[in-house]
Amino acid sequence: MRKILFIALSFLAVCATAANHVYVRSKQNLRCEGYFPQLSPDGKKVISAPTDAKKLYIYDLDTQKRDVVADEGVPGFEAIFGKNGKVYYVSMKINKDHLIFRSGREYDPESGSDREVLSPQHGAVHAINGTDGTAVVGEQKEWNTRDAGTFAWALGSKLYIYRNGEKHTYSPVNVQTGYLWVDVSPDGSKVLFHVPAMGLYICDATNGRVLNKLSGCLMPKWYNNDLIVAQGRGRLGYNIIIFRADGTGGIQSLASGECVMPSVSGNHVIYTTKGGSVKLLTLETPEEREVRLEQERLEAERIAKEKAEEAARIEAEKQAAENQEANQ
């Protein structure tokens, strides 16, 4: 019998007794103002857009230089970095019959080249990162679905999960409003999606069965195979939160004060404020923190030992020199 867990997670305030799911190791204020921010896999570049998404920018964190990737077809709304470091985005055009056609494009930051990977089609088009690579999918055409691993997207209340190049269609929740913010866990075992006015659902990627239901949040993304980062509502406005997919352990606030549009890249969470200031968090789990602190302790002991040995050597040489001088 299918068991659905109904967990009462309150996104109106952060639970004061919640355990630390992660630790914020560092926080940076980036100089690349914008919205819909995404961080490259190597952590060196950021893409972002203005509020109307009519342009797509790329910002180099080392050189602090910002370039325009695209400025036609509202390219900034769903642009992503692929696992290969290239930028994938959707470009929209309206023909003379006022029909909207969308194409998928690939931009290479290293060479500056831009090419079309999915030809224009009527209907929705999305660039999506899977467990192995990036795919661009639409209602009629698709690109790179076989090599992208496991990934998912939704159209209305139909959930499309791709595994090994095969497309599987499910309807885990029977609603008219449809599903939003579909995302697959890094190991490809689970899929999350949001249903307006109903909440966040976690389902099995192999059969589409609902595993868990949580209260609503905005723009949820997997941090790892167990934790989810999202935009929630706090006492000071919107905040960035993290919580377990199984509903245990409460909610932890990572940033507060009108913080919106989070996305995840490795152990980083990037987000923006309502004023467009982009922030970057570097996180570590309690297990990672314990390992790091132990490594730092051992390194400190090694350095202290080397310094003590060096001091002892210098003292011994000094003593030997004094003894030699006294014997002359």
Do [X] and [Y] come within less than 4.5 Å of each other through their side chains, counting heavy atoms only?
X	Y	answer
Tyr59	Val278	no
Lys158	Tyr160	yes
Cys32	Tyr57	no
Thr285	Asn224	yes
Met92	Phe77	no
Lys279	Asn29	yes
His194	Cys217	no
Gln231	Tyr271	no

Quick one: do [X] and [Y] make a salt bridge, cutoff under 4.0 Å?
X	Y	answer
Glu294	Arg297	yes
Arg302	Glu306	yes
Glu288	Arg292	no
Arg313	Glu317	yes

For this session: Could you give me the CA-CA distance, side-chain angles and deciding distance for Lys221 and Ile228, then say whether side-chain contact (heavy atoms from CB on, under 4.5 Å) is met?
Result: CA-CA 6 Å; Lys221 288 287 184 181; Ile228 297 170; 6.0 Å; no

Taking all heavy atoms of [X] and all of [Y], pick out the closest pair and write down the distance.
X	Y	result
Glu110	Asp108	N-OD1, 3.0 Å
Phe81	Pro41	CB-CD, 4.0 Å
Ile270	Pro37	CG2-O, 3.8 Å
Ile241	Gly232	CD1-CA, 4.0 Å
Asp132	Gly149	OD2-CA, 3.3 Å
Ser265	Leu39	OG-O, 3.4 Å

For this session: Could you please spell out the steps behind the side-chain contact (heavy atoms from CB on, under 4.5 Å) verdict for Asp246 and Asp226?
Result: CA-CA 8 Å; Asp246 62 9; Asp226 302 307; over 6 Å; no

Separation between [atom1] of [X] and [atom2] of [Y], rounded to the nearest 0.5 Å:
X	Y	atom1	atom2	answer
Ile240	Met261	CD1	CE	10.5 Å
Asn267	Glu284	CG	CD	8.5 Å
Asn239	Leu254	CG	CG	8.5 Å
Asp67	Leu56	CG	CG	11.0 Å
Ile242	Tyr223	CD1	OH	6.5 Å
Leu218	Leu200	CG	CG	10.5 Å

Can you list, pair by pair, the side-chain donor-acceptor contacts under 3.5 Å of residues 166-177, counting residues two or more places apart and other chains?
| from | atom 1 | to | atom 2 | distance (Å) |
| --- | --- | --- | --- | --- |
| His168 | NE2 | Arg163 | NH2 | 3.4 |
| Tyr170 | OH | Thr206 | O | 3.3 |
| Ser171 | OG | Ser157 | O | 3.1 |

Exercise. Which class fits the ring pair Phe193 and Tyr201: parallel under 30°, tilted 30 to 60°, perpendicular over 60°?
Worked result: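 Geometry flag for Tyr201 against Phe193: parallel rings.
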
Exercise. Between Trp143 and Tyr88, what is the ring plane arrangement, given parallel below 30°, perpendicular above 60°, and tilted in between?
Worked result: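 If you compare the ring of Trp143 with that of Tyr88, the planes turn out tilted.
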
Exercise. Do you see a donor-acceptor pair shorter than 3.5 Å between the side chains of Ser119 and Lys141?
Worked result: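 Short answer, yes.
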
Problem set entry | Worked check of side-chain contact (heavy atoms from CB on, under 4.5 Å) between Val260 and Thr272 | CA-CA 5 Å; Val260 295; Thr272 190; 3.7 Å; yes

